[in-house]
Amino acid sequence: MSKDSSKLNTSASASVNANECADKNVKAFILFRVAFNARFYYPVLAVLFLDLGLSLEQYALLNVAWAVSIVGLEVPSGVLADLWGRKKLVVFASFLMVFEMLIFAFAPAQNIQLLFYLFLFNRFLSGAAEAAASGADEALTYDALSLANKEKSWPDVLDKLGRYQSIGFFVAMIVGAAAYDPSTFNVLGKWLGQDWHVQAQDVLRLPIFLTLALSLVACFASLSMIDRPKKVDAEISFSKATKDMIAAGKWILLSPLAFFVIAAYVCNDSVIRLFMTMASQYYRVLHLPELSFGLIGSSFALIGVVSPKIAKKLILLGSAQKAFGALSLAIVILLSCLAMTTKLWGLIFALGLGLGMGVVGFLCSHYLNESAEAEKRATILSFKGLAGNLFYGGVGFLFAQQLKVMQQSQPMAGENSIFMDTLAYLPWGFAGMILMAYLVSWTQRKFAAKARS
């Protein structure tokens, strides 16, 4: 066999392996994201903590602690993913999810103070898992596509991910809310001819146990991924990690597109996420039964199928500024409508926010992956996660403080009234954040132009 023939065969074999690796990573990436994110307790998240004995303020502070843990670990985990291997970080994230759910499932509820501290540790583990997975799973999949010369198919992967995540959330919302409602089992018992008397305390943590099972699926998916080939002479040290982190930070500061996308993303994502974590409390304001929370959550999942299509339409507007501008305007309107109504049709605006969350994630992933350097991709995506969770923690802390102020000023008011009064501040705060993001990005663009010249 000639040398030319040998080279052709080697090239063809490498192409086949690259294609197989890309296909396998795409499948594992989608399964991991669905198992990691579609949690059965989401439809009753806020009321679950409250029913376990915590206060609304304690619950808000736990969300802040969750965000703070991500802030501290987000970028270092991204640097480690680039240096040590993205797969190791994704596998680590899946195992952290298992430990997180074990604490959630078995923490004793008799001592509220102890319960709060255990849940504080749970939130730390959850934040660490989010930080480890954030950026690493995307970079791992995008790199595999790039090696197979399929990076142009990334929007299609995101579209497919959106559909499967919607199905996963649909199932999790329906099953999770039904599992939390004791009447589900009492009705089922009658249908089976059994005289069951299931109480709320009997099924309080059932959605958590179901999510614990799902964490094992996330472990399987993470172990199925294939990491990119590593350079033999790669220097893995603290000094190199620090240099890479600084280099990625400088790249973002000097990239007008990346800087703006991250700024717009954190404003939109933090406010939408704040409402979504408090959504079950809003449903109680609307006097809806817990069982309906799953139906509402499944509606979020169904409309999530539409998010990629809307995001693609926004991308066609021609620039990230126009795309995020149109989205932000819609979110201001939705937040304003939510704050002004306690009627059932307020659900329409809540569903609109859920749709916006998918659009925000799609736009950010599209613009950042398209512009990021391959060797720094996980680190750059981690900076995005760091900024997002820093803002989410800040917004959550301010919301918790405003709740406290409202409680002190209206000691006789109920939780629903206090929640709605605090919610009224959200659209104003979000509008101010978006205007500031555009102003800071305009200033940064001038700074980056001078630095390059």
Side-chain angles (χ1 to χ4, degrees), residues 21-39 70 73-98 100 125-148 150-151 153-166 168-169 214-230 248 265 269 304 308 357-358 360-370 372 374-386 388-389:
C21 177
D23 292 341
K24 187 170 185 178
N25 273 13
V26 166
K27 292 176 183 177
F29 168 64
I30 291 172
L31 179 60
F32 174 78
R33 277 288 182 94
V34 171
F36 192 80
N37 293 317
R39 306 193 178 200
I70 299 180
L73 299 171
E74 185 74 61
V75 174
S77 69
V79 175
L80 288 176
D82 284 335
L83 289 174
W84 290 347
R86 282 86 188 261
K87 177 178 177 177
K88 290 180 181 178
L89 267 293
V90 179
V91 171
F92 182 57
S94 65
F95 279 91
L96 282 177
M97 180 184 177
V98 174
E100 164 203 351
L125 290 177
S126 181
E130 290 280 350
S134 175
D137 58 349
E138 271 192 35
L140 188 60
T141 309
Y142 194 91
D143 280 345
L145 291 172
S146 183
L147 288 172
K150 292 182 176 181
E151 58 265 41
S153 67
W154 181 243
D156 296 325
V157 173
L158 292 177
D159 195 348
K160 190 174 182 180
L161 172 65
R163 293 198 302 272
Y164 279 101
Q165 277 195 315
S166 295
F169 272 107
L214 205 58
S215 68
L216 301 178
V217 178
C219 286
F220 168 78
S222 66
L223 291 168
S224 300
M225 289 182 167
I226 301 173
D227 211 342
R228 63 176 180 167
K230 288 189 61 60
Y265 165 79
D269 175 76
M357 192 168 192
V360 169
F362 190 106
L363 290 178
C364 187
S365 181
H366 169 75
Y367 288 118
L368 282 187
N369 277 297
E370 187 178 60
E375 293 302 314
K376 297 183 179 70
R377 183 168 287 117
T379 307
I380 290 166
L381 291 173
S382 291
F383 267 103
K384 178 265 292 184
L386 166 67
N389 287 295

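Only this structure's heavy atoms are used, side chains among them; waters, hydrogens and symmetry mates stay out. Just so we're clear, the structure is a prediction, and the values are computed from it rather than from any experiment.
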Next on the checklist: For N37 versus Q165, what's the shortest heavy-atom pair and its separation?
Outcome noted: ND2-NE2, 3.4 Å

Checklist outcome for this item: For A218, the side-chain contact (heavy atoms from CB on, under 4.5 Å) test, sequence neighbours excluded, returns F32, A35, S94, M97

Next on the checklist: Quick check against the 3.5 Å criterion: does D269 have a side-chain atom that pairs as donor or acceptor with the backbone of Y265?
Outcome noted: no

Checklist outcome for this item: Taken to the nearest 0.5 Å, the spacing of E130 CD from L96 CG works out to 10.5 Å

Next on the checklist: Has K87 got a side-chain atom pairing as donor or acceptor with S222's backbone, closer than 3.5 angstrom?
Outcome noted: no

Item to check | Side chain to side chain, F220 and L31, heavy atoms closer than 4.5 Å | outcome: yes

Checklist entry - Is a donor on one side and an acceptor on the other found under 3.5 Å between the side chain of D137 and the backbone of F29? => result no

Checklist entry - Would you call V98 and C219 a side-chain contact if the rule is heavy atoms closer than 4.5 Å? => result yes

Checklist entry - Is Y367 atom OH crowded by more than 12 heavy atoms from other residues, nucleotides or ligands, each under 6.0 Å away? => result yes

Checklist entry - If you measure from CG on L147 to CD1 on I226, what distance do you get to the nearest 0.5 Å? => result 11.0 Å

Checklist entry - Is there a side-chain contact (heavy atoms from CB on, under 4.5 Å) between W154 and H366 once you walk through the steps? => result CA-CA 8 Å; W154 181 243; H366 169 75; 5.9 Å; no

Item to check | Euclidean distance, C21 SG relative to D143 CG, rounded to 0.5 Å | outcome: 9.5 Å

Checklist entry - Taking all atoms of both residues into account, what is the closest heavy-atom pair of V26 and L145, and its distance? => result CG2-CD2, 4.0 Å

Checklist entry - Is D156 paired with K150 through a side-chain N to carboxylate O contact shorter than 4.0 Å? => result no

Next on the checklist: Just so I know, are the side chains of P308 and L158 near enough to count as touching, which here means a heavy-atom distance under 4.5 Å?
Outcome noted: no

Checklist entry - Within a strict 4.5 Å, meaning less than it, do heavy atoms of the R33 and E138 side chains meet? => result yes

